Protein chains: 2
Amino acid sequence: MLSKKTRYAFRALSYLGENYGKGPILISDISKAKKIPLKFLENILNELKKADLLESKKGKGGGYSLKVSPKKINLATVIRVINGPIALLPCVSLNFYERCEDCDETYCGIRKVMTITRDATLKILEKKTLHDIIFASI
Amino acid sequence: MLSKKTRYAFRALSYLGENYGKGPILISDISKAKKIPLKFLENILNELKKADLLESKKGKGGGYSLKVSPKKINLATVIRVINGPIALLPCVSLNFYERCEDCDETYCGIRKVMTITRDATLKILEKKTLHDIIFASI
DNA sequence: TAATATCCTACCAATTTAGTAGGGGATATT
DNA sequence: AATATCCCCTACTAAATTGGTAGGATATTA
Ligand code: FES
Ligand code: FES
């Protein structure tokens with residue numbers, strides 16, 4: 001399951017997507033509009049910025065905005081940044097790979113199934129973008 | 001990601017599957033063969049029993065065995081018993097549904113994508129059985 | 001230089017995860 | 001009936017993760 005933090009991230013990004021092209025948006029505005037605890041949201045947006053999905057501006061007239069169009073931000077990327085691995089096992093993860101002790105990857109049946117599952121999941125999550133979820137929700 | 005406990009469950013079930021039809025298998029045998037902490041495994045097997053996947057016998061000559069053939073135990077069931085929901089959001093879960101506060105399901109774009117993802121995942125995990133992972137790993 | 005707004009570090013409580021410890025109860029053999 | 005075997009149950013615990021808070025440092029604008 002995705003963490004609450006990840007769901008907050010999606011909601012915040014949706015808001016930024018809805019306001020794409022309108023200049024910097026205040027954290028406090030997003031916090032109010034999407035009912036996300038302000039200081040927690042601050043952290044989330046900062047992580048998204050470090051992952052190069054957002055850009056920010058300090059001082060008056062500052063705030064956050066999407067770095068690229070909502071059509072270019074896919075959901076898999078967001079989940080990886082905030083939630084971590086998408087695969088169900090570390091030995092199957094493309095971006096967070098870790099070897100399994102006491103298990104030979106070449107002959108592991110569980111791993112084979114989880115690889116298929118991962119591919120099916122990614123096929124969807126890498127295709128669906130912020131734009132898709134904003135548009136679907138109007 | 002699946003918990004370590006879930007991975008232990010798969011390994012234990014694989015062992016029981018490999019020995020299907022040979023009568024009760026000792027927890028300690030599974031523990032040794034699959035390198036799973038004994039007391040932890042005890043707990044796991046008991047949960048699988050309560051979920052009606054295993055049957056047990058006490059006393060000498062006792063142990064655990066699969067209640068049905070490895071071909072009839074699908075991976076989704078196992079994950080649900082030990083790990084919990086398969087869906088990425090509670091509002092999308094078929095077996096562990098919970099409503100999202102501050103979010104209208106009818107218009108929620110995230111939910112739509114996660115529903116598609118869940119279906120794709122289930123299509124695989126409900127089809128693949130214990131037999132598949134045992135056979136693939138030989 | 002004052003006001004504004006993000007950035008950074010540190011802390012915290014609650015929950016979950018990954019176990020351990022120890023005895024109780026059922027069963028089979030002797 | 002005694003005993004050894006083996007699952008069952010309750011309770012406890014350490015460590016990690018989750019979901020936050022608090023407070024100040026830093027950058028920007030006016
Ligand atoms: S589960 Fe990772 S290699 Fe078997
Ligand atoms: S995320 Fe569950 S309804 Fe929107």
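All values derive from a computational prediction rather than experimental measurement. Every chain is numbered from 1, with letters handed out A, B, ... down the list of sequences.
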Would you say D:dC8 has OP1 or OP2 under 4.0 Å from some side-chain N or O of B:Ser56? yes
Any N/O donor-acceptor pair, B:Glu42 side-chain to D:dC6 base, under 3.5 Å: no
Using only heavy-atom distances, determine whether the side chains of B:Ser28 and B:Ser31 contain a donor-acceptor pair under 3.5 Å. no
CZ of A:Phe10 to CD1 of A:Ile44, rounded to nearest 0.5 Å, is 11.5 Å
Can you tell me whether the side chain of B:Glu55 and the base of D:dC7 have a donor-acceptor pair closer than 3.5 Å? no
Both A:Ile27 and B:Asn83 contact DNA chain C. Taking the nearest nucleotide for each, which residue is further toward the 5' end? A:Ile27
Is the shortest distance from a Lys or Arg side-chain nitrogen in A:Glu105 or A:Arg111 to a carboxylate oxygen in the other one below 4.0 Å? yes
Checking all strands, does A:Leu45 fall into the base, sugar-phosphate, or nothing category for heavy-atom contacts under 4.0 angstrom? nothing
Determine: side-chain N/O of A:Lys57 to OP1/OP2 of D:dT29, distance under 4.0 Å, yes or no. yes
Can you measure B:Asp29 atom CG to D:dT5 atom C1' for me and round it to whole angstrom units? 13 Å
Under a 3.5 Å limit for both distances, which nucleotide forms a Watson-Crick or G-U wobble pair with C:dG23, could you say? D:dC8
In whole angstroms, the gap separating C1' of D:dG20 from CD1 of A:Ile36 amounts to 13 Å
Whether B:Lys58 contacts C:dG24 is assessed here as follows: a side-chain N or O lying under 4.0 Å from the phosphate OP1 or OP2. Is that the case? no
Determine: side-chain N/O of A:Asn43 to OP1/OP2 of D:dG20, distance under 4.0 Å, yes or no. no
Considering only D:dC8, C:dA5, C:dC8, which nucleotide approaches the side chain of B:Asn46 most closely? D:dC8
Does C:dA21 have OP1 or OP2 sitting under 4.0 Å from an N or O in the side chain of B:Lys39? no
Assign each of A:Lys5 and A:Lys60 the nucleotide of DNA chain D bearing its closest heavy atom; nearer the 5' end lies the nucleotide of A:Lys5
Heavy atoms from C-beta onward define the side chain here; which of D:dG20, C:dG19, D:dC9 lies closest to that of A:Phe40? D:dG20
Within a reach of under 6.0 Å around CD of B:Glu98, are more than 12 heavy atoms found that belong to other residues, nucleotides or ligands? no
Here's a test for you: under side-chain contact (heavy atoms from CB on, under 4.5 Å), which of B:Leu26, B:Leu45, B:Leu53 qualifies with B:Tyr64? B:Leu45
Taking only the side-chain nitrogens and oxygens of B:Tyr8, find out if one of them lies under 4.0 Å from OP1 or OP2 of C:dG19. yes
For A:Leu38, report the nucleic acid contact type (base, sugar-phosphate, nothing); a contact means any heavy atom under 4.0 Å. nothing
